[in-house]
Amino acid sequence: MNLDEEIYQQRQEKLRQLEALGYQSYPHSFAFSHTLEQIQQQFAARTAEQLEAERLAVRAAGRIVALRGHGKTGFAHLLQGGARLQIYVRQDALDERQFSLWKLLDLGDFIGVRGYLFRTRTGELTIHVEELFFLAKDLLPLPEKWHGLQDVERRYRMRYLDLAVNAGVRDVFVTRSRLVQSMRQALNQRGYLEVETPMMQSIYGGAAARPFITHHHALDLQLYLRIAPELYLKRLIVGGLERVYEINRNFRNEGISTHHNPEFTMLEFYEAYSDYRVLMDFSEELLARVAREVTGSEQVTYGEHVLDFSKLRRLSLRDAICEFWPAEAAPAPSGEEVRRHAAEPDLVARYNQWAERAGRAPIAVRGGEEEGVLLTALFEAVAEQHLIQPTIIYDFPVAVSPLAKNKGDEPAWVERFEIYAAGMELANGYSELNDPEEQRRRFEQQLRARERGDAEAHQMDEDYVRALSYGMPPTAGEGIGIDRLCMLLSNSASIRDVILFPLLRPQTAGSEDGGSEESNSAPIR
RNA sequence: GAGGUGGUAGCUCAAUGGUAGAGCAUUGCCCUUUUAAGGCAAGGGUUCUGGGUUCGAGUCCCAGCCGCCUCACCA
């Protein structure tokens, strides 16, 4: 019998003893007068003398996270709602049954207390317990009280334990919730309607990615988990819902990394009668506002950097390539060279020569790529990692933007921008292509890319083209990666730290602890 | 997908190829203001799995499983 099982049995035996004392082993509720946080805040300023005079009565509850018995007395710390508070128990303040209960308590148990507030000799605000209530038993031992749960794999697999014992984890997810709340508020105030569009789609679109495939039995239908909600949201614009947004999951069947989880949360929003210039301005306001509301400041510490969301630098994709071109790969391309839109193969060759010398990954060229695809690849290779401060990159090649509207004066380019921070892409927005003929040609172009072996090229969506044929007003739309923004605002290095249950390979029998044979013993891990 | 790195008690971590340890947690006893409470005592190990080298493997080699990091793909 391993220790977990031994403790499980011991604690079940204690539950039996509690029942023998007349306590319910799993009572249904407990009415508290204060949360622990309220007690800490409301009475922080009270002196020992004031508390003694007032004898403030409180009822509070929580999980026991520290337990120090002293024979006929004892101290414990309760944790509830992210706040800790000490309680003090002494035999002569309780009846015999309650003191027996106290003796049966373990680290991790949930209890309620009634008592009055006082300050200990060391000045700590503490509840002097006059009545003790048993609420729930922890049958398995909590991780170590001082170091908490360090094993990253177990933290992700057993997030409930991570949250229960690691201070700070809770804060990350509070931050995440506030972030979403703040964005909703900003959009609602701007007259937006929150909507929900299909997660399961028979034609997937709106992004370049491989999908997850599933099957509906009754309809005998192959379905895809959506890679983006874009094409549905724009159908709503056609229908006259002129400002819509959705905050929800996208699913992409691609690699996992510190910046990628197969399911991730995206805010997408579309507004009629606007273009990408409007959205660049709005994005700047939105990010500053969210940073302020969530962290209290527009300057946010992220690792070794302080990211300033008060003002976004704006740089064209073309200029970014010139600016961040590696010095050792001289000569840097001229503005004219990147504008001309014919020199890309040369530039890629020049970059790859340097990359080989520098031991960096070259840009993969399959052959037959359009110039715009190469140029975008150059941008990502050369510039992305350097975009630490929040930056808007604008004007993208049409070849990588099948749903965006052409720039009036430069048909090979589209009105599109992306926002980068800490070297990663945060957002992507553009003036929406609303010419159905042009949209059809773009889809056809994507189909050709697909035939050339691009598994991530868009599918033809006839119904979407038909929707555009009914007329879509000029519209601008944008997607913002909520997980990544949350990383920045919570100073988290990995996307897994801001997703409660990130995708991990499931544990199989034989791994870890052998998959626990189906015995009648404790359900460990 | 490639490379690197890690997996030892419930948890956090030690351990030149030579008897597998500490702190916390657990169990028993003592203790009426402690706070990583303290004191005394005790129990607790398939060193991720499977092979191999060796007189002897937690340690070296091979394979596998799982995680993490970097790169590639991607957002």
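Keep in mind that this is a model prediction, so the values were computed, not measured. So you know, we letter chains A, B, ... as the sequences are listed, proteins then strands, and number each from 1. Worth knowing before you read on, the calculation uses all heavy atoms, side chains too, and leaves out hydrogens, waters and symmetry mates.
- Listed by chain and number, the residues in a side chain to side chain donor-acceptor pair (under 3.5 Å) with R119(A) amount to none (sequence neighbours excluded).
- The nucleotide rG6(B) finds its pairing partner in rC66(B), both defining distances of the Watson-Crick or G-U wobble pair being shorter than 3.5 Å.
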Dump the pairs, protein N or O against N or O of nucleotides 27-30 of chain B, anything under 3.5 Å, distances to one decimal.
from: rU27(B); atom 1: OP1; to: K14(A); atom 2: NZ; distance (Å): 3.1

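- A donor-acceptor contact under 3.5 Å links the side chain of R68(A) to the base of rU34(B).
- The CG-P distance, from D138(A) to rA25(B), rounds to 15 Å in whole Å.
- With rounding to whole Å, I256(A) atom CD1 is found 16 Å from rU70(B) atom C1'.
- As a whole-Å value, the separation of E6(A) CD from rG45(B) C1' is 13 Å.
- rG52(B) and rU16(B): their P atoms are spaced 26 Å apart (whole Å).
- Centre separation under 5.5 Å together with a plane angle under 30° does not hold for the ring of W146(A) and the six-membered base ring of rG23(B), so they are not marked as stacked.
- Put simply, CG on L142(A) is 13 Å from P on rU12(B), counting in whole angstrom units.
- Side chain D151(A) to base rU12(B): no donor-acceptor pair is found below 3.5 Å.
- Note on A364(A): nothing from the nucleic acid sits closer than 4.0 angstrom, heavy atoms only.
- Regarding contacts with the backbone of rG67(B), every side-chain N or O of R496(A) stays at 4.0 angstrom or more from both OP1 and OP2.
- The interatomic distance linking E5(A) (CD) with rG45(B) (P) rounds to 12 Å, in whole Å.
- Pair assignment for rG1(B) gives rC71(B), based on Watson-Crick or G-U wobble hydrogen-bonding distances that are each under 3.5 Å.
- Taking the P atom of each, rU27(B) and rG10(B) are spaced 15 Å apart, rounded to whole Å.
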Could you go through the ring pair (Phe, Tyr, Trp, His ring centres under 6.0 Å) check for Y276(A) and F396(A) one step at a time?
CA-CA 12 Å; Y276(A) 80 144; F396(A) 281 68; 9.7 Å; no
For side chain to side chain donor-acceptor pair (under 3.5 Å), just list the numbers for R313(A) and T391(A), CA-CA rounded to whole Å, side-chain angles, deciding distance to a tenth of an Å, and then say yes or no.
CA-CA 5 Å; R313(A) 185 185 177 199; T391(A) 305; 5.7 Å; no
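- The interatomic distance linking Y160(A) (OH) with rC11(B) (P) rounds to 12 Å, in whole Å.
- Residue D109(A) contributes atom CG, which lies 11 Å from atom P of rU26(B) at whole-angstrom precision.
- In this structure, Y204(A) has its ring center no closer than 6.0 Å to that of F251(A).
- Within the cation-pi definition used here (under 6.0 Å to the ring centroid, within 45° of the axis), R159(A) does not qualify as a partner of F501(A).
- No side-chain donor from either of R496(A) and N261(A) sits under 3.5 Å from a side-chain acceptor of the other.
- Proximity of R505(A) to the phosphate of rG67(B): a side-chain N or O atom is located under 4.0 Å from OP1 or OP2.
- For R90(A), the side chain to side chain donor-acceptor pair (under 3.5 Å) test picks out Y88(A), D92(A), with sequence neighbours left out.
- Pairing for rU46(B) is absent, judged as Watson-Crick or G-U wobble with the two contacts each under 3.5 Å.
- No side-chain N or O of H458(A) forms a donor-acceptor pair with one of Q445(A) less than 3.5 Å apart.
- In terms of the side chain to side chain donor-acceptor pair (under 3.5 Å) criterion, residue partners of Q17(A) (sequence neighbours excluded) are, by chain and number, E13(A).
- Within the structure, every pair that satisfies the ring pair (Phe, Tyr, Trp, His ring centres under 6.0 Å) test and touches residues 357-381 of chain A, not counting sequence neighbours, is listed here: F379(A)-Y420(A).
- Separating the CZ atom of R157(A) from the P atom of rC65(B) is a distance of 14 Å, rounded to the nearest angstrom.
- A sub-4.0 Å separation between OP1 or OP2 of rU34(B) and a side-chain N or O of R121(A) is present.
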Which protein N or O atoms sit under 3.5 Å from an N or O of nucleotides 2-5 of chain B?
none

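- Side-chain atoms of T73(A) and base atoms of rU33(B) include no donor and acceptor less than 3.5 Å apart.
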